Amino acid sequence: MLPENVFFSPYESKNPGNKALNKTIIIKNRLEEIDILAEEAGEFCNTAGIEKRDALRIRLILEELIVNTISYGYTDESEHEISVDLNKNGEQVEITIKEDSVPFDPFQAEPPDLESPLEERKTGGHGIHLVKNLSESLIYHSADNINTTTITFLTGKTG
Amino acid sequence: MEIKIETKSLEEIAQVIEVQGEIDVYTSPRVKEIITELIEKGNYNLIINLEGVRYIDSTGLGILIGALKRVREKDGCINLVCNNPQIKKIFNITGLVKIFGIFKSEEEAFSSLKSA
C-alpha cells in the first residue's frame with residue numbers, strides 16, 4: 001500500500017508504445033523528509049524503467065533543489081508542504097517542484113568559479129551548478145506566493 | 001541512508017578512510033567528523049577511498065573541499081580513490097578533478113602521495 005503522501009498514476013501516452021508515468025510526492029519542509037523523497041523518487045524510476053545511472057541523477061537534482069529550499073527558504077517555524085511531480089513521457093522526465101518559501105530563483109545564483117585555486121574555492125555553491133549541468137532545461141517562476149520550478153531531464157543520454 | 005566508514009594507517013605515512021554507502025545531507029556530518037578527528041590528531045596525508053560510495057551530493061563535495069583546505073595548510077594532501085563513472089562525472093562537473101588527485105586504487109593513491 002502506498003503512503004498517504006504519494007499519488008501514483010500510470011497511464012498510456014497518446015504515442016503508441018510510449019508508456020507515460022506520473023507520480024506526485026508531497027513532503028514537509030524538514031530535512032528528515034528527504035529520505036522519503038529519495039525513496040519515492042527511486043520507486044518512480046524503477047516503475048518507469050529508468051536506468052540506475054539516470055535515477056541517481058534525478059535524485060541528485062531533486063535533493064539539491066529541495067535541501068536548498070528547506071535549509072534557506074523559510075523565515076518562519078511553521079510547517080509547509082513541498083510538492084514534487086514526476087512525469088515520464090518517452091525519454092523525457094519532467095520534474096515540477098511547488099513550494100511556498102521565500103521567492104528565489106536558484107538558476108540566477110552566481111555559478112562557482114571552477115578555475116579558482118583551492119584557497120579561493122568555496123565549500124558550497126556546487127549544488128545548483130550540478131542541477132544545471134544534469135538537466136536539459138530549467139524554468140522558475142513565482143506567482144501568488146507559490147514558487148514553481150520545472151526541470152526537464154533526458155534519460156538514456158551518454159556521458 | 002546508511003554509511004559505513006573505516007580507517008586504517010598505511011606505513012604510518014597516510015590514513016585511509018574507506019567510505020561505503022551514500023554521502024548526502026544526512027551522512028556528511030559523520031564523514032566530516034571522522035576526517036576532522038584524523039586531521040586534529042596530526043594526520044595531514046589522507047586517502048579517501050570512495051569505491052563503495054554510490055551517491056554523493058554537494059554537501060559531501062563541500063566536506064571534501066573543506067578537508068583538503070585544512071590539510072594543505074599543513075602541507076598535507078588528500079588523494080581520492082574512485083572508479084565509479086557516476087561519482088567521477090560529479091567531480092568533473094564541479095571541477096574537483098582539478099584540485100584532487102583521483103586514482104584507480106589505494107596503491108596508486110599511496111604511491112603518488114609518497115612521491116609528492
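A quick note: this is a predicted structure, and the numbers were derived from the prediction, not measured.
One distance of note links CD of B/E73 with CD of A/E119; it measures 9.5 Å at 0.5 Å rounding. The CG atom of A/L118 sits 5.5 Å away from the CZ atom of B/R72 when rounded to the nearest 0.5 Å. Here CZ of A/R121 is found 10.0 Å from CG of B/L61. Values are rounded to the nearest 0.5 Å. One finds the NZ atom of A/K122 at 9.5 Å from the NZ atom of B/K69 (value rounded to the nearest 0.5 Å). Atom CG of B/L68 and atom OG1 of A/T123 lie 12.0 Å apart (nearest 0.5 Å). To the nearest 0.5 Å, atoms CG (A/D35) and OH (B/Y26) are separated by 5.0 Å.
Side-chain atoms of A/E64 come within 3.5 Å of backbone atoms of B/S58 as a donor-acceptor pair (strictly under, hydrogens ignored).
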Before you tell me yes or no, could you show the steps for B/E22 and A/R59 under side chain to side chain contact (heavy atoms under 4.5 Å, CB included), namely the whole-Å CA-CA distance, both residues' side-chain angles and the distance that decides it to 0.1 Å? CA-CA 12 Å; B/E22 302 183 349; A/R59 176 180 162 193; 2.7 Å; yes

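Shown here is A/E51, whose CD atom has more than 12 heavy atoms of other residues, nucleotides or ligands within 6.0 Å. Counting non-hydrogen atoms of neighbouring residues, nucleotides and ligands closer than 6.0 angstrom, the CD atom of A/E120 exceeds 12 such neighbours. Within 6.0 Å of CG in A/D76 there are more than 12 heavy atoms belonging to other residues, nucleotides or ligands. Within a 6.0 Å sphere centred on NZ of A/K132, other residues, nucleotides and ligands contribute more than 12 heavy atoms.
Between A/E115 and B/K98, at least one side-chain N (NZ, or NE/NH1/NH2) sits under 4.0 Å from a carboxylate O, which counts as a salt bridge.
Under a hydrophobic-cluster definition in which Ile, Leu, Val, Met, Phe, Trp and Tyr are linked whenever side-chain heavy atoms come within less than 4.5 Å, directly or via other members, B/L80 and B/V16 are assigned to different clusters. Each of A/I82 and A/I146 belongs to its own hydrophobic cluster when Ile, Leu, Val, Met, Phe, Trp and Tyr are linked at side-chain heavy-atom distances under 4.5 angstrom. Tracing side-chain contacts under 4.5 Å through hydrophobic residues (I, L, V, M, F, W, Y), one reaches B/I35 starting from B/Y44; they form part of the same cluster. Linking ILVMFWY side-chain heavy atoms closer than 4.5 Å, directly or via other members, places A/I61 and A/L138 in a single hydrophobic cluster. Tracing side-chain contacts under 4.5 Å through hydrophobic residues (I, L, V, M, F, W, Y), one reaches A/L31 starting from A/I27; they form part of the same cluster.
Comparing B/I99, B/D57, B/N92 by how many heavy-atom pairs each has under 4.5 Å with chain A, the most go to B/D57. Listed options A/I128, A/V67, A/L56, A/L130 were ranked by heavy-atom pairs under 4.5 angstrom with chain B; first place goes to A/L130.
When side chains are defined from C-beta on, B/Q86 does not count as touching A/K52, because their heavy atoms never get closer than 4.5 Å.
In this structure, chain B has a heavy atom under 4.5 Å from the side chain of A/L134, while its backbone stays farther away.
Among B/I90, B/T94, B/I93, the one residue that satisfies the side-chain contact (heavy atoms from CB on, under 4.5 Å) test with A/N133 is B/I93.
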